[in-house]
Amino acid sequence: MQCYTPFVKKKMNRSPLQQHFLNKLHLLWPALKGSLAQVRKPCIRPNCRACARGHMHPNYLLAFTQKGRRRCLYVPQAMVPALKRALENGRRLEKLLYEMGPALLREYREHHPAQTGPAVKTKRKTPAKS
Ligand SMILES: [Zn+2]
């Protein structure tokens, strides 16, 4: 019989849900939240043909929120594929986190069947609008 201890820090006694979460988490590195945008900027070289033609030079910017403020950082070209993967993993991670609420409750109810469930009424009476 397996012991259910989701809130106790014990490496050896993970619940199946915790193990599932950790397995998924492991595969979702690197992960980030933000957005990647391509911009075109002039360079500093004098008499640059690309800039003279108005083509300029493609650059990537990573936009993200830090302490409630929108920020941007330039991204080296070589890091673009890794950051695209990280953004996709960030979306997967967020989806995983949204799944954890129902999954944790489901797991809890499997181990505490008499305490909650059909006997507990979740529907509340809505007060009449005045
Ligand atoms: Zn240029």
Side-chain angles (χ1 to χ4, degrees):
M1 191 179 165
Q2 197 177 1
C3 186
Y4 177 73
T5 56
F7 305 112
V8 178
K9 274 190 178 178
K10 255 186 186 178
K11 278 186 179 177
M12 302 313 287
N13 220 351
R14 288 178 182 145
S15 77
L17 181 62
Q18 184 181 11
Q19 195 55 57
H20 166 80
F21 181 78
L22 292 173
N23 290 347
K24 288 242 174 165
L25 204 56
H26 182 74
L27 297 171
L28 293 175
W29 180 256
L32 67 85
K33 261 182 92 77
S35 59
L36 203 58
Q38 197 189 40
V39 291
R40 288 186 172 270
K41 294 268 182 177
C43 66
I44 56 164
R45 285 176 292 180
N47 309 317
C48 171
R49 282 182 176 180
C51 288
R53 284 198 302 262
H55 290 177
M56 299 192 264
H57 303 271
N59 265 304
Y60 277 92
L61 284 175
L62 178 71
F64 55 97
T65 305
Q66 197 173 53
K67 293 176 184 169
R69 294 187 64 185
R70 191 95 169 136
R71 295 200 57 205
C72 280
L73 284 175
Y74 275 103
V75 175
Q77 195 69 38
M79 271 202 77
V80 169
L83 289 191
K84 284 183 175 175
R85 199 166 59 245
L87 284 163
E88 179 57 38
N89 282 342
R91 285 187 282 270
R92 289 187 183 130
L93 182 58
E94 193 165 35
K95 189 172 168 276
L96 180 66
L97 289 174
Y98 275 119
E99 290 166 3
M100 282 306 109
L104 274 167
L105 290 171
R106 216 179 303 120
E107 190 179 62
Y108 178 86
R109 285 180 184 136
E110 281 171 16
H111 293 83
H112 302 80
Q115 303 299 314
T116 61
V120 176
K121 286 191 177 177
T122 52
K123 217 176 185 181
R124 279 186 296 166
K125 279 187 181 175
T126 50
K129 284 179 183 174
S130 53

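Whatever order the structure lists them in is the order used to number ligands and atoms, beginning at 1.
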### Query
Would you call Cys51 and His57 a side-chain contact if the rule is heavy atoms closer than 4.5 Å?
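Yes - at least one pair of side-chain heavy atoms lies under 4.5 Å apart.
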
### Message
Hydrophobic clusters here meaning ILVMFWY residues chained together by side-chain heavy-atom distances under 4.5 Å, can you tell me if Leu105 and Leu17 are in one?
### Response
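Per the 4.5 Å side-chain linkage, Leu105 and Leu17 are not co-clustered.
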
### Task
Determine whether more than 12 heavy atoms belonging to other residues, nucleotides or ligands lie under 6.0 Å from atom CZ of Arg53.
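Count over threshold, so yes.
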
### Whether over 12 other heavy atoms sit under 6.0 Å from Leu27 CG
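Enclosed: over 12 neighbouring heavy atoms sit under 6.0 Å from CG of Leu27.
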
### Message
Name the residue from His20, His26, Gln19 that meets the side chain to side chain donor-acceptor pair (under 3.5 Å) definition with Asn23.
### Response
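Single side chain to side chain donor-acceptor pair (under 3.5 Å) partner of Asn23 among His20, His26, Gln19: Gln19.
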
### Message
Return all protein N, O or S atoms below 2.8 Å from the Zn ion (ligand 1), chain by chain in residue order.
### Response
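Near the Zn ion (ligand 1), the protein supplies Cys43 SG, Cys48 SG, Cys51 SG, His57 NE2.
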
### Query
Lys95: what forms a salt bridge (charged side-chain N to carboxylate O under 4.0 Å, His left out) with it, not counting sequence neighbours?
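Partners of Lys95 under the salt bridge (charged side-chain N to carboxylate O under 4.0 Å, His left out) test: Glu99.
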
